[in-house]
Amino acid sequence: MEVRMVRNRFAPSPTGNVHVGSLRTALYNYLFAKKMGGEFLLRLEDTDQTRFEQGAVENLLNALNQTGVIPNEGLIEINGEVIQKGDFGPYIQSERLDIYHKHLKTLLDHGQAYHCFCTKERLEAVRDSQKLAGQTPKYDGHCRNLSPEDVQSKIDEGIPYVIRLKLPENVVISFEDGVRGIIEMNTNDLDDQVLLKTDGFPTYHLAVVIDDHLMGITHVIRGEEWLPSTPKHVYLYQCFGWDAPQFVHLPNILNDDHKKLSKRQGDVSVGDFLAKGYLPEALVNYLALLGWSPEDDQEIFTMEELIQAFDLSRINKSGAVFDRSKLNWMNAHYIKELPIEILVKNLIPFIIDAGYIQVEDVENRKEWLEKIGELLRERIEYFAQAKEELTLILKNDFVVTDEEALEFLRAESTKRLYHVLVEKIEATDVLNASCGKAILKEIQKQEKIKGKMLYMPSRIMITGEMHGPDLTLIMDVLGKDEILARLISMKSIIE
RNA sequence: GGCCCCUUGGUCAAGUGGUUAAGACACCGCCCUUUCACGGCGGUAACAGGAGUUCAAAUCUCCUAGGGGUCACCA
């Protein structure tokens, strides 16, 4: 048996940001194509002119590039320039209009499609009355059997029209879905779908079938929302005399309320997540596991490992709730493993944004930034949390109001602690972590102040907080002068 | 409402006729520790319900219930 090379596609419409659900669809396509040594292409479904958004294509390619889900054919980006690559183009549907018209003509010639001159108003009225009568809204077949003469004269009169698919009555259409198995549907439950719109553009249903076939697509991996219209697509393949590809419908990604993940419940676009400081590899890793699972217990995967492990047969049937806290855990894991330079590089925009460093100072404060990086590494789940975490130790205009904290400051031993601490720090050249540690140890010995009574007051005097990173690391980050200044500002409260 | 799909702990999920029904996140407890966090150890917690088939059912069949998707000249 001849084995056709696997060819996949991701075929979004150019509307704004890339939804995480779309990314997952793209990812599964990508993983499967790579696993099978096939091709993964990007096609633009821009047949709705009203939906186009400026910069959407750049946005799209950007999201894919950053997450590593990169097409090797179709619309791709090379050196910042968007081009079309491959022998099956054009890969932008609005540039394929003549192809659709040509194929539509054969449908018309075979009586498998027909002109429909119904106005939107009439269609709406029909739908409304059907709904009122408790029926399923469906085209009533008004123009289904117009004579060729009638059609021609209406066209000549310049009456706008659409072209509809002429579905046979009471025929069961079945196909095998890669995830759900055999699916059957009766044409009586299906509508005479519009294939060509008044503006001469095809609808999704026509374009997707023609393009997938012409582009040699072997596996259509797409969202579950397409399942109900797949029989129409299957019928179209039959009309054209083409073999249908293997369909694989992915379960939805859900909100906490188990509805389709949507914008109103917070971040849903890839850009949102990256902007908050989620690492692309963590997002991809998490998404891979949302609807698919490997044979073993592995949770952390590189892209290469995902490709190796991926298997269509292990895709889940039911919808999966997007669990932010698991994503956070996974992202935190990736942050912990990041080389320090990369960690700092990711952190810099957020530290600048928090106002703790100026853009022009970044170069000469590398060492300081690395200290901060190591300090934050164990404490944040995504980079946008850096600001809050840093404020804990970098703010210098704090007022201690917490009663428990004040207790520590009022303690008898704290007076002694304060003076010795100031004295010892003044006596050092530079205050780094090991030096700070030594000082605290000496105080413990000399003044017999230890444990909580040593560290808590020290921490509170220095940061105004009862919690935070290791105190000696804080000393290291703040340095001698700042620490001293902060201590001295506490003088009146202590004495 | 019609049609289609789905149903294992709070969440992601393993499981394909015989298991003490994995694992991960979250949660709780203990340990580590100057605090918080990290880390380590442990714990609570699930086969939607019913009827069949079978020696045996989370796994097969049917019914019920619940949830989701879809019914556009949007994709």
Side-chain angles (χ1 to χ4, degrees), chain A residues 11-15 45-48 50-51 93 116 118-120 123-124 127 130-131 133-139 160-164 177 179-181 183-186 188-191 193-205 207-208 222-231 249 251-252 254 256-260 286 289-300 314 316-330 332 336 375-380 389 392 440 444 450-460 463 465-472:
Chain A
S13 58
T15 53
E45 312 228 320
D46 60 343
T47 54
D48 183 358
T50 61
R51 281 182 74 172
Q93 290 187 328
C116 171
C118 294
T119 62
K120 280 194 173 132
L123 257 20
E124 251 171 61
R127 262 199 295 272
Q130 284 169 331
K131 270 187 200 165
Q135 295 169 312
T136 306
K138 202 178 154 183
Y139 182 60
Y161 62 87
V162 299
I163 291 175
R164 287 180 183 274
D177 182 81
V179 171
R180 285 151 231 274
I183 310 258
E184 291 184 341
M185 237 179 275
N186 192 300
N188 289 350
D189 296 317
L190 263 22
D191 208 354
Q193 184 67 49
V194 170
L195 299 177
L196 191 79
K197 299 183 263 185
T198 314
D199 63 5
F201 276 67
T203 58
Y204 171 84
H205 306 281
V208 75
R222 70 210 327 183
E224 189 182 11
E225 64 271 23
W226 295 113
L227 203 52
S229 49
T230 303
H249 289 96
N252 281 142
L254 276 21
D256 292 338
D257 64 2
H258 288 244
K259 298 242 163 48
K260 230 168 132 178
Y286 176 70
L289 262 25
L290 204 57
W292 170 85
S293 62
E295 275 187 68
D296 57 16
D297 279 349
Q298 190 172 347
E299 299 261 355
I300 302 298
R314 297 189 63 84
N316 245 74
K317 288 177 168 60
S318 49
V321 173
F322 191 91
D323 184 357
R324 191 68 179 251
S325 72
K326 183 147 187 180
L327 204 217
N328 284 349
W329 165 79
M330 195 168 274
K336 289 188 185 82
L375 183 147
L376 290 178
R377 189 198 285 283
E378 301 291 318
R379 320 194 110 254
I380 59 175
E389 194 60 35
L392 234 46
L440 287 166
Q444 181 176 352
K450 56 181 178 177
K452 262 193 165 133
M453 290 315 291
L454 170 63
Y455 282 89
M456 263 306 171
S458 302
R459 173 183 296 281
I460 295 164
T463 67
E465 299 285 341
M466 297 197 24
H467 307 301
D470 184 276
L471 190 54
T472 59

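Just so we're on the same page: letters track the sequence lines, and every chain starts at 1.
Across all strands shown, the partner of B:rC28 is B:rG42, judged by Watson-Crick or G-U wobble contacts whose two distances both fall under 3.5 Å. Pair assignment for B:rU20: none, as no Watson-Crick or G-U wobble contacts are both less than 3.5 Å. Here B:rC3 sits opposite B:rG69 as a Watson-Crick or G-U wobble pair (both hydrogen-bonding atom distances under 3.5 Å). Judged by Watson-Crick or G-U wobble contacts below 3.5 Å, the nucleotide B:rU35 has no partner. For B:rC47, there is no paired base (Watson-Crick or G-U wobble, both distances below 3.5 Å). Shown here, B:rU59 forms no base pair; nothing in the strands shown gives a Watson-Crick or G-U wobble contact with both key distances under 3.5 Å. If you check B:rU53 for Watson-Crick or wobble pairing at under 3.5 angstrom, you find it has no partner at all.
Under the 4.0 Å criterion applied to side-chain N and carboxylate O atoms, A:R51 and A:E45 are not assigned as salt-bridge partners. Between A:K260 and A:E224 no salt bridge is recorded (no basic side-chain N to carboxylate O distance below 4.0 Å).
A side-chain donor-acceptor contact under 3.5 Å links A:R377 to the backbone of A:K336. A:D48 places a side-chain N or O within donor-acceptor distance of the main-chain N or O of A:T50, the cut-off being under 3.5 Å. In this structure a side-chain-to-backbone donor-acceptor pair under 3.5 Å is missing from A:N252 to A:L254. Looking at A:Y286, its side chain does come within 3.5 Å of a backbone N or O of A:D323 through a donor-acceptor pair.
At the heavy-atom level, A:K131 lies nowhere under 4.0 Å from the strands shown. Residue-level contact check: A:R222 touches neither bases nor backbone, having no heavy atom under 4.0 Å from any strand. Using a 4.0 Å heavy-atom cutoff across all strands shown, A:L289 reaches sugar-phosphate atoms only and no base atom. Nucleic acid contact for A:L392: none, since no nucleic acid atom lies under 4.0 Å from a heavy atom of the residue. Note on A:K259: only backbone sugar-phosphate atoms sit closer than 4.0 angstrom, heavy atoms only; bases stay farther off. Contacts of A:G223 with the nucleic acid, taken as non-hydrogen atoms under 4.0 Å apart, are absent. Within the nucleic acid shown, A:R127 comes within 4.0 Å of sugar-phosphate atoms alone, with no base atom in reach, counting heavy atoms only. Within 4.0 Å (heavy atoms only), A:T50 reaches no atom of the nucleic acid at all. Residue contacts for A:V162: at a heavy-atom cut-off of 4.0 Å it reaches a base atom on one of the strands shown. Within 4.0 Å of A:D297, counting heavy atoms only, lies at least one base atom of the nucleic acid.
Residues A:S325 and A:D296 each lie close to RNA chain B; by heavy-atom proximity, the contact nearer the 5' end of the strand is made by A:D296. With RNA chain B read from its 5' end, the first of the two nearest nucleotides for A:T136 and A:S293 is the one closest to A:T136.
Closest to the side chain of A:W226, from the set B:rC4, B:rA75, B:rG69, is B:rA75. With B:rC38, B:rU35, B:rA13 as the candidates, the nucleotide lying closest to the side chain of A:K336 is B:rC38. Comparing B:rC12, B:rU34, B:rC5 against the side chain of A:L471 picks out B:rU34 as the nearest. Picking from B:rC73, B:rA24, B:rA14 the nucleotide with the shortest atom distance to the side chain of A:T203 gives B:rC73. Taking only side-chain atoms of A:D470, from C-beta outward, the nucleotide of B:rA14, B:rU35, B:rG69 with the closest atom is B:rU35. For A:L123, counting side-chain heavy atoms from C-beta on, the closest listed nucleotide (B:rA75, B:rC73, B:rU35) is B:rC73. Of the candidate nucleotides B:rC73, B:rU35, B:rA75, B:rA75 has the atom lying nearest to any side-chain atom of A:Y204. The side chain of A:K326 has B:rA24 as its nearest neighbour among B:rA72, B:rA24, B:rC74. Listed nucleotides B:rA75, B:rC73, B:rC25 differ in distance to A:E45; the shortest reach to its side chain belongs to B:rA75. Here the nucleotide nearest the side chain of A:N316, chosen from B:rG69, B:rA14, B:rA75, is B:rA14.
The distance from atom CD of A:Q193 to atom C1' of B:rA75 is 11 Å, rounded to the nearest whole Å. Distance, A:Q298 CD to B:rG23 P: 17 Å, rounded to whole Å. In this structure, A:D191 atom CG and B:rG2 atom P are separated by 17 Å, rounded to whole Å. For the pair A:E224 CD and B:rA75 C1', the interatomic distance rounds to 16 Å; values are reported in whole Å. Separating the CD atom of A:E299 from the C1' atom of B:rG23 is a distance of 7 Å, rounded to the nearest angstrom. Between A:D199 atom CG and B:rC73 atom C1' the separation is 7 Å, expressed in whole Å. Protein atom CE of A:M466 is 13 Å distant from nucleotide atom P of B:rA37, rounded to whole Å. Here B:rA26 presents its P atom at 15 Å from CG of A:D256, a figure rounded to the nearest Å.
Across B:rC32 and B:rU19, the matching P atoms stand 41 Å from one another, rounded to whole Å. Between B:rA37 and B:rC31, the distance separating the two P atoms is 15 Å to the nearest Å. Rounded to whole Å, the separation between the C1' atoms of B:rU54 and B:rC41 comes to 43 Å. The P atoms of B:rA13 and B:rC74 are separated by 34 Å, rounded to the nearest whole Å. Rounded to whole Å, the separation between the C1' atoms of B:rG17 and B:rG1 comes to 39 Å. Spacing of C1' atoms, B:rU53 relative to B:rC60, comes out at 8 Å, to the nearest Å. B:rU34 and B:rG43: their C1' atoms are spaced 29 Å apart (whole Å). Taking atom C1' in both B:rA14 and B:rA21, one finds a spacing of 9 Å when rounded to whole Å.
Side-chain N/O atoms of A:K317 include none lying less than 4.0 angstrom from OP1 or OP2 on B:rG68. Look at A:R459 and you won't find any side-chain N or O under 4.0 angstrom from OP1 or OP2 of B:rU33. In terms of phosphate contacts, A:T15 brings no side-chain nitrogen or oxygen within less than 4.0 Å of OP1 or OP2 of B:rA75. Side-chain N/O atoms of A:R324 include none lying less than 4.0 angstrom from OP1 or OP2 on B:rA26. Residue A:K197 places at least one side-chain N or O closer than 4.0 Å to OP1 or OP2 of B:rA75.
A heavy-atom distance below 4.5 Å is not found between the side chains of A:M185 and A:L227.
Judged by centroid separation below 5.5 Å and plane tilt below 30°, A:W329 does not stack onto the base of B:rC25.
Between the side chain of A:S318 and the base of B:rC6 there is no donor-acceptor pair of N/O atoms closer than 3.5 Å. Side-chain atoms of A:R180 and base atoms of B:rC5 include no donor and acceptor less than 3.5 Å apart.
Closest heavy-atom contact between A:Q93 and A:T47: OE1-CG2, 3.3 Å. In terms of heavy-atom proximity, A:P251 sits nearest to A:S318 at CB-O, 3.3 Å.
The aromatic rings of A:Y204 and A:W226 lie parallel to each other, their planes meeting at an angle below 30°, with 60° marking the opposite boundary.
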